[in-house]
**Student:** 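A single structure is presented below for examination.
Each chain gets a letter, A, B and so on, in the order its sequence line appears, and its residues count up from 1. Values reported hereafter were calculated over all heavy atoms of this structure, with side chains retained and with hydrogens, waters and symmetry mates removed.
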Amino acid sequence: MDLLSSLNPQQREAVTSGDGPLLILAGAGSGKTRVIAHRIAYLIAERGVWPRNILAVTFTNKAAEEMRSRVSKLIETLEIGSTPLISTFHSLGVRILRREIETMNAGYTRSFTIYDQDDTVRLTRNIIRDLGMDDKQLTPRSVQAAISAAKNRGQDAESFAAQAHFVDERRASIARVFQLYEERLHQNNALDFDDLLIKTVRLLRDVPEVRERYNDRFRYLLVDEYQDTNQLQFGLIRLLTEKQQNICVVGDPDQSIYRWRGADITNILKFEEHFASARVIRLEENYRSTQNILDLAHGVIKHNVERKEKALWTQNPAGEKIRYYQALDAESEARFVAGKVQEHLRPDPDLRAAVLYRTNSQSRVFEEAMRRAGLAYNIVGGFSFYERMEVRDIIAYLKLAMNPHDSIALQRVVNTPPRGIGKVTLDEIDNRARELGISHWDAISDLLAEGRNVSPRAAAALANFQRIINRLGRLAAQVTSAETDDDDDEQGSGPTDRDDAETDYESTSPVSDLVKAAILDTGYENALKSENNDEAEGRLENLQELVNAAVDYDEQGADGLRDFIDHSALVADTDQYKADVPVTLMTAHSAKGLEFPLVFLVGLEDGLFPHSRSLSDASDIEEERRLAYVAMTRAERFLYITHAVKRRVYGEELASEPSQFLNEMPLELIDDLSRGRSWLSFARGSKSLEEAAGSLRYEYDEDYSSGSDSDEFPRRPAANKYGGKTYNSVDSVQEFFRRRDERFGSGHATRDQYQKSRPESARRNPAPNTLPATPSIVPGSYVRHSKYGRGLVLRREGSGDQTKVTVSFPGYGAKKLIEKYAGLEKD
DNA sequence: GAACTTGCTGAATTG
DNA sequence: CAGCAAGTTC
């Protein structure tokens, strides 16, 4: 059979293996995706399984897309009435919940809103403020991260709180935020990303009737990247396969890189315990990479202690050696990469290259280098289209059109573009909503009806806002009232069931028209147009793009708008990156599952890769190592590894040590392309002494280091930054006078000493260039202020009525005051 | 109320 | 360095 002819014996076995649990341990490049795609096709073509009884789950939209296209290619010749469902975990959750959530009787309706990261952080910020907590110490971001982590561990607000009290105050505070956070989500009929899984699991667990139905529906379940599933996903899988046990999972423990997100590697390690009589098939022949690339990657991954040894093999040739380059800094690293890409493209214009880095912030220099080299590139991740401010604003309007009580959306756009609703008015709305326990939308009506506490101007602006939203709401109602059959569980119910009259009534492009309305009627477009600069121009283009994206949903009838909004939340990375672009820039995480003939693994420095936040924990380091392994095994033919000797972090130059992973690589596989001496040349020279010496010391080439002093740059991860004192602190006030004295020849500290120890503050706190003009209030003297109390005068500038003095008040910091009005008294 | 300025603090990886 | 919040100015 020709479905199987292209497969090796193990792959064939994996594809044809019958019912029951099946674990496929598939090493990097062993044809994992192929096997799943073929297995799906085989189930349909050879075993007569109905496509709609098959569910394949992936982690990313990208992977789902890839799988869909492979499967459809394999079965395109078949006459089939349905298609298998290939979906991400989160989309699956949405799909099930949109239909079934009301059966839980938990107060949610099927028109729930999805809060993405941006929304949840906003919500968290509001809560922290409402609770009167200090959002300096508890940053919304970190609190939100803690909540998400807890939810992923399967904790709810109560159990988190129960643990928290004993630990510390910070956790107790987070617990309170957590509690309120959950309440508000519920109030707003909103789910965050984690809830998409949590609620689905709860639903399937608590409502037997629904569980049964989905067990019958999805008789064959396939899961990709199984090593990255967490407890929730595992629960979901369990519940969905309860009845038929037709579960096929594919994964590779060496590529488990999402432990930080709650992924539990024991899911794959204990698969055989979880599912009785499971079959295990290993795929260890690699089709992707050269032997040298595999050997290098294996050289690194074998350093992991918590690992079962396995060695990939390949029939591919040894290939080129791995190429290494030590760069002076991030810019020269990027220049090197761009240059090499050009070199490779000259003889081979179709070659695809990937630049893989540890953190998104590294992408910028590479972007610039590519642009300068005239190379077309695309970036995966980072700021995606749907995360752009203007796009999110318009989406917020759409959300409001469907549900004006969505307070998060309302707060986002109530005064965007500016329409005269200021802070005072917003606070008033906010307070009212909180006191009465109503939505912001209702609070506005309330406020207007009462007419108190709001200026006529603000009232007019609010009424205007109401009109805008009501109008959009009516449009949206037209879209959604065109009732279509939204249940694809019914076979063969085609669009012919639709009422013709209704079709006439309904506009032909309902979703995109609504998007246009949200751009025009809200004044958004006009506001951008009047800005009249390049940036606004770009934003307008993005909005045009958003309208284009909406067109895809016009055909879907009633669900189109809802789906479009869901899509905007769930499609996080720009999935549709064009394959015909020569260079792709992305994080090592995003590269999982992809392959490229030419790969650059960059920034191999201690504290960067492995990341500094992983250095203290052995199993975190192991995860970093697996990540490096994933990155290296993306390469088919050429692999470059680079690092820089210094790098800007927080705008400060820091010296970087080579990554420990470099030391773990078999050096004989590596060619050194660095100019002059490098880490590699040193490592080679001292290889024989290595064991005796214990530690590696090396020197940079003259070219790279202007002085002999190797401490010219502070080193990561010591993060040798000026210790957080501002010039408001007592220290720097003293510093100030030391400097001043020094200027006048009476200083204790020499200039050299000073600059060496405080280069930053020297720049931030320039010496005054005027001498005190009047004798009473001069720098160094103390004054008294009616509100701030006693303070130390720091500087004095200007003359006459314009004289300004800067005074440092304990507890209030430095204030700049007009002497004439400030009413300062000499203390 | 909104535009502008300044100072301060802080980033890992993702759906 | 950059994004954001508070402060300042018009």
**Student:** Below 3.5 Å between N/O atoms, which protein atoms pair up with nucleotides 2-4 of chain C? Just atom names and distances, please.
**Tutor:**
from  : atom 1 : to       : atom 2 : distance (Å)
C:dA2 : OP1    : A:Arg364 : NH1    : 2.8
C:dA2 : OP1    : A:Arg364 : NH2    : 3.4

**Student:** Mind checking if A:Arg358 touches a base, just sugar-phosphate, or nothing, with heavy atoms under 4.0 Å?
**Tutor:** base

**Student:** Does A:Glu624 reach a base, just sugar-phosphate, or nothing at all? Heavy atoms under 4.0 Å.
**Tutor:** base

**Student:** Got a sec, which residues hit salt bridge (Lys or Arg N to Asp or Glu O under 4.0 Å) with A:Asp252, two or more places apart in sequence or on another chain?
**Tutor:** A:Lys310

**Student:** Does a nitrogen or oxygen in the side chain of A:Asn415 sit under 4.0 Å from OP1 or OP2 of B:dA2?
**Tutor:** yes

**Student:** Quick one: salt bridge (Lys or Arg N to Asp or Glu O under 4.0 Å) pairs with a partner in residues 143-152 of chain A, sequence neighbours left out?
**Tutor:** A:Lys151-A:Glu182, A:Lys151-A:Asp192, A:Lys151-A:Asp195

**Student:** Does A:Ser361 make a side-chain N or O approach to OP1 or OP2 of B:dA12 shorter than 4.0 Å?
**Tutor:** no

**Student:** Going by salt bridge (Lys or Arg N to Asp or Glu O under 4.0 Å), name the pairs with one or both residues in residues 222-236 of chain A, residues two or more places apart or in two chains.
**Tutor:** A:Lys32-A:Asp224, A:Lys32-A:Glu225, A:Glu225-A:Lys592, A:Asp228-A:Lys592

**Student:** Do A:Phe59 and the base of B:dT14 stack face to face, with centres under 5.5 Å apart and an angle between planes under 30°?
**Tutor:** no

**Student:** Could you check whether A:Gln117 gets within reach of a base, just the sugar-phosphate, or nothing at all, counting any heavy atom under 4.0 Å?
**Tutor:** base

**Student:** Map A:Gly651 and A:Lys423 onto DNA chain C by nearest heavy atom, then report which one ends up closer to the 5' terminus.
**Tutor:** A:Gly651

**Student:** Is it true that A:Ser256 and A:Gln227 share a donor-acceptor pair across their side chains at a distance under 3.5 Å?
**Tutor:** no

**Student:** Only counting residues at least two apart or in another chain, list the ones meeting side-chain contact (heavy atoms from CB on, under 4.5 Å) with A:Asn126.
**Tutor:** A:Arg184, A:Ile408, A:Gln411

**Student:** Residues in side-chain contact (heavy atoms from CB on, under 4.5 Å) with A:Ser91, at least two apart?
**Tutor:** A:Asn61, A:Ser87, A:Thr88, A:Leu570

**Student:** On the nucleotide B:dG10, are OP1 or OP2 found under 4.0 Å from the side-chain N or O atoms that A:Thr139 carries?
**Tutor:** no

**Student:** Using the six-membered base ring of B:dA12, report whether A:His611 stacks on it, requiring centroids under 5.5 Å and planes under 30° apart.
**Tutor:** yes

**Student:** Have a look at A:Asp195 and say if it touches a base, only the backbone sugar-phosphate, or nothing, with a 4.0 Å heavy-atom cut-off.
**Tutor:** nothing

